[in-house]
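Remarks on the structure that follows.
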Amino acid sequence: MQYHIKLTEEHKAKYAILPGDPGRVEKIAAYLENAVQVGNNREYNSYLGYLDGERVLVVSTGIGGPSCAICVEELARIGVDTFIRVGTCGGMQPEVKPGDVVISTGAIRMDGTSKEYMPIEFPAVADFQVTQALSASAEKLGYDHHIGVVQAKDSFYGQHEPESMPNSAELLAKWDAWKRGGCLASEMEGATLFIVSAVRKLRAGAVFHCVWNQELAGTSMPEKRKEDTSAAIKTAIEALRILIAKDKA
């Protein structure tokens with residue numbers, strides 16, 4: 001019995017989809033066959049089902065790097081080796097609109113957890129096969145999507161209220177640099193997922209639903225939020241079908 005997620009080798013699966021929100025797990029599991037809840041402890045809500053004949057776990061990670069790392073570590077111990085994170089993000093480039101899908105090739109390591117796995121110079125990079133599958137999925141489904149680097153942070157309010165922080169000058173300068181460098185969006189778990197997966201020799205990718213874009217605030221573009229994560233979820237499901245087919249071949 002894994003200490004935090006409360007799953008055992010009885011729940012073994014090769015593939016796992018990782019939302020942050022426990023409330024999103026059942027919505028994702030609805031795309032699987034014969035999905036049943038197999039665990040619910042702390043932030044870890046778990047369902048097990050089947051996709052194209054393969055067992056798939058859907059497990060929430062909660063918010064942030066520490067709980068994400070625990071989830072990945074414990075799932076790996078019961079046999080999972082391929083992960084797709086389905087999360088939400090805020091757009092940082094003007095072309096990343098609310099409702100768009102963002103596929104991460106890598107993440108800026110503004111988390112603390114990944115630094116306990118690898119020195120900061122080591123890049124947080126998504127698995128190439130998983131990223132290819134996510135890209136092909138978004139293309140096939142016809143979703144407006146973007147592929148590139150995201151920023152993974154630990155402090156939500158450090159991003160949204162940097163002026164209130166004593167180190168505001170540093171936060172604002174880095175934010176501006178990331179935007180100028182082409183960073184697509186901001187989220188909170190990608191860097192941890194990629195680094196833990198690299199260290200443990202796992203495959204991991206990430207797809208995000210853009211809820212809103214704070215950079216459009218105060219411009220001629222309307223400020224609006226889009227909360228429906230269906231496009232990101234369907235992108236992940238179709239990508240998993242691609243990976244399962246390739247793995248079987």
Side-chain angles (χ1 to χ4, degrees), residues 2 4-5 7 12-21 24-25 28 43-44 46 51 54-89 101-118 122-138 145 147-153 184-209 232-233 235-244 246-247:
Q2 297 301 310
H4 299 89
I5 63 176
L7 301 182
K12 183 176 182 178
K14 178 180 175 65
Y15 307 95
I17 298 175
L18 305 180
D21 182 2
R24 200 180 307 136
V25 173
I28 297 171
E43 59 265 64
Y44 305 112
S46 305
L51 186 68
E54 292 290 330
R55 286 159 68 98
V56 176
L57 282 162
V58 184
V59 184
S60 56
T61 66
I63 297 175
S67 60
C68 179
I70 288 170
C71 186
V72 173
E73 290 274 20
E74 295 188 1
L75 285 172
R77 292 177 184 181
I78 63 168
V80 179
D81 67 15
T82 301
F83 298 85
I84 297 180
R85 166 159 158 67
V86 180
T88 57
C89 67
V101 168
V102 176
I103 297 165
S104 175
T105 57
I108 296 168
R109 293 176 58 191
M110 279 296 288
D111 68 315
T113 305
S114 72
K115 297 180 180 69
E116 298 199 20
Y117 283 82
M118 288 295 290
F122 192 90
V125 181
D127 177 82
F128 183 69
Q129 287 182 322
V130 180
T131 305
Q132 272 190 319
L134 288 166
S135 174
S137 173
H145 65 283
I147 303 173
V149 173
V150 300
Q151 177 244 19
K153 59 187 178 293
L184 293 175
S186 178
E187 53 90 42
M188 298 187 71
E189 292 83 22
T192 301
L193 171 63
F194 298 153
I195 292 294
V196 175
S197 296
V199 170
R200 301 301 184 212
K201 305 298 188 292
L202 310 167
R203 298 190 299 184
V207 57
F208 304 97
H209 161 78
I233 292 171
T235 300
I237 293 292
E238 181 61 31
L240 203 50
R241 289 189 187 279
I242 294 169
L243 290 168
I244 289 170
K246 287 187 175 180
D247 289 347

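Atoms considered below: every heavy atom in the structure, side chains included; atoms not considered: hydrogens, waters and symmetry mates. Throughout, numbering of the chain's residues begins at 1 and tracks the sequence.
Within the model, atoms CD1 of I103 and OG1 of T235 stand 6.5 Å from one another, a figure rounded to the nearest 0.5 Å. Separating the CD atom in E238 from the CG atom in L51 is a distance of 9.0 Å, to the nearest 0.5 Å. Note that CD1 of I84 and CG of D127 are 10.0 Å apart. Values are rounded to the nearest 0.5 Å. Between L193 atom CG and M188 atom CE the span is 14.5 Å, to the nearest 0.5 Å. From D111, atom CG reaches atom CD of E116 across 10.0 Å, with rounding to the nearest 0.5 Å.
Here the closest heavy-atom approach between residue K115 and residue M110 is recorded as NZ-C, 4.3 Å. Listed here is the closest heavy atom pair of A16 and V80: CB-CG1, 3.7 Å. For the residue pair V207 and A232, the shortest heavy atom distance occurs at CG1-O, 3.8 Å. Across every non-hydrogen atom of Y44 and C71, the tightest pair is CE2-CB, 3.7 Å. In this structure, P123 and I195 approach most closely via the heavy-atom pair O-CD1, 3.6 Å. Summarising the geometry of A107 relative to G190, their closest heavy-atom pair is CB-C, 4.0 Å, with the distance given to 0.1 Å.
For the pair V72/T192, no side-chain contact is recorded, criterion being any heavy-atom separation below 4.5 Å from C-beta on. No side-chain heavy atom of C68 sits less than 4.5 Å from a side-chain heavy atom of T113. For the pair L134/I147, no side-chain contact is recorded, criterion being any heavy-atom separation below 4.5 Å from C-beta on. Residues T88 and R24 are in side-chain contact: their nearest non-hydrogen atoms beyond the backbone lie under 4.5 Å apart. Considering only heavy atoms from C-beta on, F208 comes within 4.5 Å of V150 through its side chain. Side-chain contact check for I237 versus I17: some heavy-atom pair is nearer than 4.5 Å. Between L240 and V56 there is a side-chain heavy-atom pair separated by less than 4.5 Å. Taking the side chain as every heavy atom from C-beta outward, S104 and V149 never approach each other to under 4.5 Å.
For D247 and Y15, the side-chain atoms include at least one donor-acceptor pair closer than 3.5 Å. With no hydrogens or angles considered, no side-chain donor-acceptor pair links T82 and K14 at under 3.5 Å.
At least one donor-acceptor pair closer than 3.5 Å links the side chain of R109 to the backbone N or O of S114. Under the 3.5 Å distance criterion, the side-chain polar atoms of E74 are matched with a main-chain donor or acceptor of I5. When atom types are taken as modelled, the side chain of S137 and the backbone of A133 share no donor-acceptor pair closer than 3.5 angstrom. Between the side chain of S135 and the backbone N or O of T131 there is no donor-acceptor pair closer than 3.5 Å.
The number of heavy atoms from other shown groups lying within 6.0 Å of NZ (K12) does not exceed 12.
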Using residues 57-67 as the side-chain source, report each donor-acceptor pair under 3.5 Å to any protein atom, sequence neighbours left out, with the distance given to one decimal.
residue: S60; atom: OG; partner: E43; partner atom: O; Å: 2.6
residue: S60; atom: OG; partner: N45; partner atom: N; Å: 2.8
residue: S67; atom: OG; partner: T61; partner atom: O; Å: 2.6

Step-by-step salt bridge (charged side-chain N to carboxylate O under 4.0 Å, His left out) determination, R85 to E187: CA-CA 11 Å; R85 166 159 158 67; E187 53 90 42; 3.3 Å; yes
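For E73, the side-chain hydrogen bond (donor to acceptor under 3.5 Å, both in side chains) partners at least two apart in sequence or on another chain are Y117, R200. With sequence neighbours excluded, no residue forms a side-chain hydrogen bond (donor to acceptor under 3.5 Å, both in side chains) with E54.
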